[in-house]
Amino acid sequence: MIWWILRRLGQMLIVLFGVVSLAFLLVYAVPADPASTLAGPNASAATIASIHAQLGLDNPLWQQYFGFIGRLLTGDLGTSYVLRETPVFGRIVAALPTTLMVAVGGILWQIILGVPAGIFAAYRRGSWVDRLITFLSLIGLSAPPFWLGLLLIYYFAFTWGLFPLNGLGSPVFWYLVLPTFTLGAGGGAWYARMTRTNMIETLDSPFVRMARAKGMPERVILWRHSFRHIAIPLLTMIGLDFGYFLGGVVIVETVFGLNGIGRLAFDAISNLDTPMIVGTVLFAAIFIVVVNFIVDLLYSVIDPRVRLNS
Amino acid sequence: MSALLEVSDLVVDFPTAADGVFHAVDSVSFTVSAGERVGIVGESGSGKSLTSQALMRLVPEPGTVSSGSVLFEGADVMAFSAKKLQKWRGSQTAMVFQDPMSSLNPLMRIGRQITESLQKHLGLSKAESRTRAIELLQRVGIPDAESRLSDFPGAFSGGMRQRVCIAIATACSPKLIIADEPTTALDVTVQAQVLDLLDHMATELNTGVILISHDLGVISSFCDRILVMYAGRIVEEGTAEQIVGDPQHPYTKALLSSILRLSEPIPRRLKPISGAPPLAGQRASGCSFAPRCALAIDACRTLDPALVPASNASPGQRVACGVAAPAAFELADEVTAA
Ligand SMILES: Nc1ncnc2c1ncn2[C@@H]1O[C@H](COP(=O)(O)OP(=O)(O)O)[C@@H](O)[C@H]1O
Ligand code: SF4
Ligand SMILES: [Mg+2]
């Protein structure tokens, strides 16, 4: 167990190092000049040259790279090109809670929308309820998140005034309902379908037949005998979703005017703000790697067949 | 003495692709008395499992029990409410399934899988049911019972798992145990141990047992009475001595000759009965065994033999073959190809 964790931590560091290096090189390879982007279209050649010098953009690649890695090891992600005087690290840490709340909220919506519906459909397979759930989940799967977000804002916030329009305020929960729903609705549909499939497979399995032959009530068969079996694939999906959501978060944060990491990354890419791009990529990677680690730990808690030392 | 279990004219139907129905179990009747061991034998696909599932009301969808009655101590099982059914299953009747690998829940500790029955049916407390579970595991010969309660099924071998299943089945001292191919998935040495154990438990509790197997050798060594099934029907029934000593139906004879070969001095390969049982829903007219039967006469292809007393006048032996017992054809419905 201890060895497994240590080995995983080592692997995580290697992955993060690789991701950061790749991000750095990719940004460098983009054939646009951050200095001219920064200086604006009317800047003189002299201005651009001075920005170059300031940012160290004239140094050879390897020098820039090692300088960057060296600073990174001391916890310094550099300073944003655009938002001068602002350490990248501080900006990201400030934006992190918003993004975390949005992502976790999105996952919660997926579970709330998808899991009960999937279980219900599995129990009533072939019935009109089952078909209705399949139909709704098709809609959910095909609705683009930004479209859904705009629709929700229009009706629930603008027309009916049930929820705040955008941004964050107090209570935070209230402001997060629409963005998280937007993020989770499509996934909820996906969860419903997966849960239905897995639940049907479980209900048809010999151990459920045995539980029935033992006279166990349906409630016990569902929660005690079957739920763990559908929780394992669910856990896999949740782990993947955290990664996937970092993309979805960009859209949702933009639509709902939330200052999270998604927005930070979006702006950084538009401005070729190399330190900020690499910083947000690094945080996204840390996020995914940590979630994967937790998911693997949870596997071993749910499923005795999973051994952590392998 | 009234029977513990009385099954009459049980029919299990499956819908066929062509909007028809297929009788996977067709007019099966038999009884089981307290303490009696009844064997059901027949090739795979003959309807043995469905028969047992039907009398527990566990037929998988889309199958249905379309007619027939099941009386348990005189009570009509088919009319049980869901609640009554739950109370009855596991406490009055219990099942041991073929595959001990998948019948136990891989994600639940063995202990919990035993104690949940004890708590539900006998109302035992956590501590009481735990003590009882340890006794049960000891009784089925699992060493270190106490520490094994917290193991998951993955930590047990196939034979050990089947022992656990027998412990679960006998936990509430049921009056009837149905064991569907309980040894088929196990290797030969373990098979005998598991059968001995089942025998021992059943004797101790005076339990009626229905043992299902495709292996007439297993069935004849264990059972008092044997039902031979073919294509959803009982084609012969009698005591173990009658079935082994003086089989009447050509199918029973064929099953028997395939096991006798094993005891020849130089073992040869088991000679299977040539041909195959009819496919689902493709039952021809007449006797369903006719296409494979060496004794078939013309009448066999039009008349569907009824189950009648055997002509050897052996009491209780019945056979559904018009050649072995002409009465079978006299009582037959004329069946024309549909
Ligand atoms: N789920 C099912 N769907 C359709 N047909 C089935 C199903 N289960 C069983 N049958 C049919 O019923 C017949 C008898 O099955 P079964 O009782 O399992 O046989 P046995 O236990 O004797 O091997 C099979 O040959 C098959 O055609
Ligand atoms: S009735 Fe005819 S076909 Fe059927 S078992 Fe008897 S002899 Fe064979
Ligand atoms: Mg079977």
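A, B, ... follow the sequence lines: proteins, then strands. Residue 1 opens every chain.
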Under 4.5 Å heavy-atom distance to chain B, tell me which part of A/Val208 shows up: side chain, backbone, both or neither. neither
Distance, nearest 0.5 Å, that separates CG of A/Leu203 from CD of B/Glu61: 10.5 Å
Among A/Met210, A/Glu218, A/Arg228, who wins on heavy-atom pairs under 4.5 Å with chain B? A/Met210
Smallest separation among heavy atoms of A/Pro304 and B/Pro106, with atom names: CG-O, 3.5 Å
B/Lys120 side chain vs A/Lys214 backbone, donor-acceptor pair below 3.5 Å: no
Heavy-atom closest pair, residues A/Val220 and B/Glu116: CG1-OE1, 4.1 Å
Can you tell me which portion of A/Arg212 sits under 4.5 Å from chain B's heavy atoms? Options are side chain, backbone, both or neither. both
When heavy-atom pairs shorter than 4.5 Å are enumerated against chain A, which of B/Leu104, B/Thr93, B/Val96 gives the highest number? B/Leu104
Give the member of B/Met95, B/Met108, B/Arg109, B/Gln113 that has the highest number of heavy-atom pairs under 4.5 Å with chain A. B/Met108
Nearest heavy-atom approach of B/Asn105 to A/His229 is OD1-NE2, 2.7 Å
A/Arg224 versus chain B, the contacting section by heavy-atom distance below 4.5 Å: both
Apply the test side chain to side chain contact (heavy atoms under 4.5 Å, CB included) to residues A/Arg305 and B/Leu107: give CA-CA distance (whole Å), side-chain angles for both, the deciding distance (0.1 Å), then the verdict. CA-CA 8 Å; A/Arg305 294 167 298 188; B/Leu107 304 186; 3.5 Å; yes
Show the nearest heavy-atom pair for residues B/Met56 and A/Ala213, with the distance to one decimal. CE-O, 3.8 Å
Any B/Ser117 side-chain heavy atom under 4.5 Å of A/Met216 side chain: yes
